[in-house]
Amino acid sequence: MSRPVRVRYAPSPTGEPHIGNIRSALFNWLFARANGGKFLVRIEDTDQARLVPGAQEKILEGLRWLSLDWNEGPEVGGPHCPYVQSERKALGIYAKHVELLIDSGAAYRCYCTSQRLDQMRADQQARKQPPGYDRRCRDLTAEQRRQRATENPNPAVRFKMPLSGEIAVEDAIRGTVRFDAALLDDFVLLKSDGFPTYHLANVVDDHLMEISHVMRAEEWLSSAPRHKELYKAFGFEMPVMAHLPIILGPDRSKLSKRHGATSILEYRDQGYLPDAMLNFMALLGWSLDDSTELFSRADLIKHFSLDRVTASPAVFNIEKLNWFNGVYIRMMQATELADVLLPIIEEKLPPEAPRPIDRDYLLRIIPLERERLKTLNDAPELLSFFFVEQPKYNPITIIQKGMVRDDTREALTRALRVAEHTEPWDAPTLEAAYRNLAEELELKPGQLFGAMRVALTGRTEAPPLFDTMVVLGKERCVARLKSADYFMKIIPTAC
Ligand code: GLU
């Protein structure tokens with residue numbers, strides 16, 4: 001009978017929450033939600049030497065940002081806390097399990113000192129032998145053990161791996177993966193400082209937490225034969241194993257800093273939306289078919305299944321992420337978008353822009369600019385001309401093709417007059433008035449509008465001119481057209 005679905009995300013707090021790790025979290029979360037199961041978070045912090053202060057908080061921050069909520073936690077602390085292995089070590093959980101293996105003869109104390117192990121490795125290297133423990137302490141007599149214990153009172157504990165044969169691991173994504181036992185040494189379960197290794201703590205916890213499926217990155221596949229033997233030695237049922245495909249950069253090398261941001265929090269800080277990120281990451285190794293790309297959270301939960309996860313590498317394409325982000329930005333309600341943009345604009349607009357930012361004004365700007373937003377962080381620059389008193393630009397960019405300084409000045413002076421006298425201040429009235437003006441001046445509409453666009457927005461590309469003028473308001477437009485005339489005086493006549 002199949003077990004109730006219980007899966008976990010088991011990060012080690014050794015750095016920023018990397019896209020690859022969070023993709024594992026997402027797949028586990030989706031699998032739990034798709035199957036009415038439970039999703040757990042377990043911090044694997046037993047390798048004290050690799051701990052990075054603050055990393056655990058960042059991992060949880062990343063999960064919370066993506067709303068990947070977990071279902072339970074330790075008795076002390078409760079469900080809002082993750083399980084933490086160092087806390088579980090303090091309860092004696094791992095030491096107790098190691099004793100079981102020593103008693104059954106599946107594990108043994110290893111008295112070799114670090115100097116001896118270093119020497120052994122150096123000799124192996126010199127003889128071009130594969131590295132690995134030479135099993136010196138595997139079959140000691142009681143007498144030899146007593147004697148060695150006097151030389152090294154803090155022995156490690158090692159697991160007795162089979163000396164030969166094949167270890168076949170069933171993987172739900174890759175099928176049967178075979179390993180040559182002769183190449184796998186007797187690995188450490190408990191270090192001499194009393195800390196369990198990853199292998200021990202991981203297997204013991206997966207068992208005690210009744211994990212039904214282990215979904216983790218492909219880089220852990222090499223641990224699977226060791227874990228299989230450990231489950232066997234304990235007499236525990238092994239969870240279904242599924243090793244998720246590696247994530248590559250567009251140049252097909254392993255995704256790394258060279259390809260840009262790798263931490264999920266960097267993407268948050270760069271203005272990506274959590275739902276866009278989620279949709280994008282779900283497709284790093286999973287697909288429903290060859291064409292569907294947009295999935296809401298509910299769609300993902302509905303469709304996610306392990307048999308649609310591929311074994312072949314997934315490629316991280318930032319262009320794709322930008323596209324997703326743009327789509328999700330456009331799908332947001334204007335009010336929702338205004339609320340997320342407000343603090344970003346407030347912080348990043350040039351200091352001279354008046355604060356607090358007027359939310360109603362922002363709500364009128366959003367429909368004009370949202371098409372151009374790829375990330376939320378594009379907003380301060382794109383929107384700044386709406387807020388600052390006078391946008392900065394190079395006056396020469398006002399002069400349109402086929403025009404010179406003086407006819408441009410003349411056109412803008414006339415454009416100012418029109419602005420002063422146009423009533424009502426709405427897009428159709430403005431458009432009619434300025435088309436008339438272009439005709440009177442014998443200019444192409446594009447020439448007049450292009451010059452006005454720069455004068456009013458500081459940009460050569462901006463949202464539709466007359467809608468923009470309506471939102472900017474008559475007063476600002478009049479003031480900017482006046483300044484344009486002033487700026488143009490400083491351009492040499494010859495232009
Ligand atoms: N602690 C391992 C990691 O950092 C977890 C591997 C696993 O999920 O078994 O990714």
Side-chain angles (χ1 to χ4, degrees), residues 5-32 37-52 54-60 62-63 68 70 82-89 93-94 97 159 169-174 177 179 187-189 191 195-231 234 236-247 254-256 262-264 281 284-285 306 309:
V5 167
R6 288 174 61 82
V7 291
R8 69 353 180 234
Y9 169 49
S12 297
T14 52
E16 291 274 325
H18 191 275
I19 292 282
N21 296 328
I22 297 287
R23 193 271 317 259
S24 298
L26 172 62
F27 280 23
N28 278 284
W29 183 86
L30 286 173
F31 188 74
K38 297 267 191 276
F39 172 66
L40 279 52
V41 174
R42 184 174 74 222
I43 304 292
E44 300 205 324
D45 61 347
T46 58
D47 191 349
Q48 297 285 301
R50 295 182 57 228
L51 291 191
V52 171
Q56 175 174 328
E57 288 67 34
K58 287 194 171 169
I59 290 167
L60 300 181
L63 293 175
L68 300 181
W70 54 95
Y83 291 105
V84 179
Q85 287 186 327
S86 59
E87 291 168 7
R88 295 168 62 73
K89 173 193 174 277
I93 292 175
Y94 311 115
H97 279 81
F159 184 68
V169 174
E170 292 307 321
D171 184 282
I173 298 170
R174 287 148 215 280
V177 189
F179 297 86
F187 57 93
V188 173
L189 293 171
K191 290 179 268 185
F195 272 89
T197 55
Y198 154 68
H199 300 299
L200 174 70
N202 187 272
V203 165
V204 167
D205 279 346
D206 280 346
H207 170 70
L208 294 178
M209 294 175 187
E210 298 176 34
I211 298 303
S212 59
H213 297 71
V214 166
M215 275 170 258
R216 61 184 173 199
E218 186 177 342
E219 60 187 293
W220 299 101
L221 184 59
S222 59
S223 298
R226 296 184 172 94
H227 294 186
K228 181 171 181 186
E229 291 302 311
L230 258 177
Y231 279 104
F234 277 124
F236 297 158
E237 183 183 346
M238 189 166 178
V240 174
M241 290 283 162
H243 289 89
L244 308 173
I246 190 170
I247 303 177
K254 195 170 180 235
L255 187 65
S256 72
T262 52
S263 159
I264 192 79
M281 283 197 301
L284 292 175
L306 255 186
V309 177

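When a ligand or atom number is given, it counts from 1 through the structure's own listing order.
Using cut-offs of 30° and 60° for the angle between ring planes, the H199 and H227 rings count as perpendicular. Taking the six-membered ring for Trp and thresholds of 30 and 60 degrees, H97 and F234 have ring planes more than 60 degrees apart, a perpendicular arrangement.
Under the side-chain hydrogen bond (donor to acceptor under 3.5 Å, both in side chains) criterion, E170 pairs with T176, sequence neighbours left out.
With no hydrogens or angles considered, no side-chain donor-acceptor pair links Y9 and N21 at under 3.5 Å. Of the N and O atoms on the side chains of D45 and Q56, not one donor lies less than 3.5 Å from an acceptor on the other residue.
Between R174 and E218 there is a salt bridge, with a side-chain nitrogen of the basic residue lying less than 4.0 Å from a carboxylate oxygen of the acidic one.
Each of R8, A10, P11, S12, E44, Y198, N202, R216, W220 has a non-hydrogen atom positioned under 4.0 Å from some atom of ligand 1.
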